[in-house]
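First the structure, in the form of structure tokens, and then the observations on it.
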Amino acid sequence: MKNIVVGLGEILWDVFLERKILGGAPANFAYHASQFGFEGYVVSAVGSDVLGHEILRSLKRKELNALVETVDFPTGTVQVTLSGAGIPQYEICENVAWDNIPFTTETENLAKKTQVVCFGSLAQRSEVSRQTIHKFIQAMPSDSLKIFDINLRLNYYTKEIIDESLKLSNMMKLNDEEVVKIANLFDWQGTEEEICKRLLQEYGLRIVILTKGTQGSYVFATDKISFVPSPKVHVADTVGAGDSFTAAFVAAYLNGQSVEEAQQLATEVAAYVCQQHGAMPKLADAFIELFRNRA
């Protein structure tokens with residue numbers, strides 16, 4: 001049976017000046033995991049509106065499994081503006097469908113079969129979705145992988161939400177801006193490396209991943225630290241690159257590859273996504289072949 005890999009949280013439209021693109025970190029993660037042959041699911045909510053119907057049709061076209069409830073709130077949108085270097089800035093609408101993800105019997109049944117879940121802080125800005133995320137994780141098998149891809153956005157997070165999420169997790173991913181925010185929130189002193197090691201130890205995590213954009217990424221495990229530099233590429237936009245990194249790393253990790261091999265594949269996949277427009281491009285066949293050959 002295929003491993004069930006779930007992205008749990010926001011699903012929305014990233015609205016750029018000239019187009020809109022399906023997005024939301026959990027959906028991006030689930031889609032990229034499914035490209036590596038896993039049974040990817042997105043668990044979220046949309047509104048009973050044109051944008052919601054479009055999301056459901058888009059997920060079908062992408063052949064991504066969806067447990068996406070229709071609720072009495074508008075479908076989420078995010079206004080995205082890009083800097084000259086392709087770095088996104090976000091304006092996120094509030095009180096939308098993904099703030100109100102219900103925990104249903106169907107959701108609980110999926111959780112009981114889920115091998116991997118990836119969730120963040122953004123969908124936890126509302127009590128309804130936060131409770132659903134917590135219940136889902138608590139219903140998962142004890143040996144499952146629970147990834148907190150922190151994904152700090154604007155002011156939609158608190159120290160309490162981060163602390164509770166880390167206690168539910170056994171893997172964490174954050175970027176170089178987020179590690180500074182974590183240090184400030186927790187009033188911790190030290191270098192990026194020291195903060196990541198402290199997160200690893202204090203929360204009993206298996207792995208902490210620190211991405212540093214064009215510089216590269218670090219993976220901190222209990223017995224090793226690995227660094228892989230980022231290749232130099234022409235960036236179209238960086239939306240979804242981090243989610244593709246997490247998905248590729250997890251796919252390789254689940255297939256028994258070493259941390260270094262998983263990190264190398266993740267780095268190459270993220271670089272490729274940076275060269276495409278939007279968060280969910282179809283990956284080049286070469287990546288899938290490389291993954292299969294190493295599995």
Side-chain angles (χ1 to χ4, degrees), residues 1-13 22-34 38-49 51-76 94-151 156-157 161-162 164-171 243 246-247 250 254 280:
M1 190 173 76
K2 285 185 180 179
N3 285 320
I4 294 176
V5 176
V6 169
L8 173 58
E10 66 272 15
I11 193 166
L12 46 85
W13 289 107
L22 184 63
N28 300 338
F29 168 82
Y31 174 67
H32 288 299
S34 72
F38 294 91
E39 193 171 346
Y41 272 84
V42 56
V43 176
S44 189
V46 296
S48 181
D49 48 29
L51 291 177
H53 299 323
E54 273 192 80
I55 281 180
L56 296 177
R57 287 196 298 270
S58 294
L59 293 173
K60 280 187 179 178
R61 283 197 299 271
K62 290 182 177 294
E63 299 180 341
L64 179 58
N65 298 305
L67 186 48
V68 176
E69 300 289 337
T70 300
V71 295
D72 292 329
F73 294 86
T75 298
E94 298 184 6
N95 202 25
V96 293
W98 57 260
D99 286 313
N100 296 277
I101 305 168
F103 189 74
T104 64
T105 301
E106 196 176 2
T107 309
E108 184 177 14
N109 289 339
L110 177 63
K112 289 175 179 176
K113 300 183 293 183
T114 295
Q115 180 67 24
V116 180
V117 70
C118 187
F119 69 104
S121 60
L122 181 56
Q124 297 188 69
R125 68 181 183 177
S126 75
E127 181 68 22
V128 174
S129 291
R130 183 162 64 249
Q131 287 300 318
T132 292
I133 288 169
H134 285 214
K135 288 175 183 176
F136 189 100
I137 293 168
Q138 288 159 353
M140 289 172 64
S142 58
D143 61 347
S144 54
L145 196 57
K146 296 138 185 151
I147 307 157
F148 182 39
D149 188 350
I150 192 167
N151 209 19
Y156 297 126
Y157 59 90
I161 285 172
I162 292 167
E164 288 177 353
S165 297
L166 284 165
K167 287 173 179 173
L168 289 169
S169 308
N170 46 31
M171 185 181 290
D243 307 320
T246 310
V250 167
L254 282 180
M280 296 190 199

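Values in this document were obtained by computation on a predicted structure and should not be read as measured data.
Here the rule is side chain to side chain contact (heavy atoms under 4.5 Å, CB included) with V43, and of I133, I11, L8, V117 only L8 fits it. The only member of Q124, R130, K146 that meets side chain to side chain donor-acceptor pair (under 3.5 Å) when paired with S165 is Q124.
Between atom OG1 of residue T246 and atom CZ of residue F29 there is a gap of 7.0 Å, rounded to the nearest 0.5 Å. Annotation: the span from L51 atom CG to T75 atom OG1 amounts to 5.5 Å, rounded to 0.5 Å. Here CG of D99 is found 12.0 Å from CD of E127. Values are rounded to the nearest 0.5 Å. With values rounded to the nearest 0.5 angstrom, K113 atom NZ is found 13.0 Å from N3 atom CG. For the atom pair S58 OG and L64 CG, the distance stands at 11.0 Å (nearest 0.5 Å). The line from CD1 of I161 to CG of L166 is 12.0 Å long, rounded to the nearest 0.5 Å.
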Handout entry: Verdict with reasoning, N65 to V42, per side chain to side chain contact (heavy atoms under 4.5 Å, CB included)
Key = CA-CA 6 Å; N65 298 305; V42 56; over 6 Å; no
Handout entry: Step-by-step side chain to side chain contact (heavy atoms under 4.5 Å, CB included) determination, L59 to L22
Key = CA-CA 9 Å; L59 293 173; L22 184 63; 3.9 Å; yes
Practice task
Please step through side chain to side chain contact (heavy atoms under 4.5 Å, CB included) for the pair V116 and V6, ending with a clear verdict.
Solution key: CA-CA 6 Å; V116 180; V6 169; over 6 Å; no
Exercise for the section: Please test Y157 against L122 for side chain to side chain contact (heavy atoms under 4.5 Å, CB included), starting from the C-alpha separation and ending with a verdict. Expected result: CA-CA 7 Å; Y157 59 90; L122 181 56; over 6 Å; no
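In this structure, R125 and E94 have side chains that are in contact, with non-hydrogen atoms separated by less than 4.5 Å. The closest side-chain heavy-atom distance from T107 to L110 is not below 4.5 Å. With contacts defined as side-chain heavy-atom distances shorter than 4.5 Å, the pair L168/Q138 qualifies. Looking at heavy atoms from C-beta onward, I101 lies out of side-chain contact with V128 at the 4.5 angstrom threshold. L56 is listed as a side-chain neighbour of V68, based on a closest heavy-atom distance under 4.5 Å. Side chains of L145 and Q115 form no contact here, defined as non-hydrogen atoms less than 4.5 Å apart. Taking 4.5 Å as the limit, some side-chain heavy atom of F38 sits within range of a side-chain heavy atom of L254. Two residues are said to be in side-chain contact when any heavy atoms from C-beta on lie closer than 4.5 Å; V5 and Y41 fail this criterion.
Here the closest heavy-atom approach between residue I147 and residue V250 is recorded as CD1-CG2, 3.3 Å. Taking all atoms of both residues into account, the shortest heavy-atom contact from A123 to G9 is CB-CA, 3.7 Å. The minimum heavy-atom distance between A97 and G47, with the atom names listed, is CB-N, 3.6 Å. Scanning both residues, H32 and A247, for their nearest heavy atoms gives CB-CB, 3.6 Å. Considering every non-hydrogen atom in both P102 and V71, the closest pair reads CD-CG1, 4.1 Å. Residues P74 and D49 come closest through the heavy atom pair CA-OD2, 3.5 Å.
A donor-acceptor contact closer than 3.5 angstrom is absent between the side chains of S121 and N151. Counted by atom type alone, T132 and S129 present zero donor-acceptor pairs between their side chains at under 3.5 Å.
Among residue pairs with one or both ends in residues 109-148, those qualifying as ring-ring contact (aromatic ring centres under 6.0 Å, His included) are F119-F148; sequence neighbours excluded. Listed by first and then second residue, the ring-ring contact (aromatic ring centres under 6.0 Å, His included) pairs involving residues 52-73 amount to none (not counting sequence neighbours).
Dense packing is recorded around CD of Q131, with more than 12 heavy atoms of other residues, nucleotides or ligands lying under 6.0 Å away. Counting heavy-atom neighbours within 6.0 Å of D72 CG, excluding the residue itself, gives a total of 12 or less.
In terms of the side chain to side chain contact (heavy atoms under 4.5 Å, CB included) criterion, E63 has no residue partners (sequence neighbours excluded).
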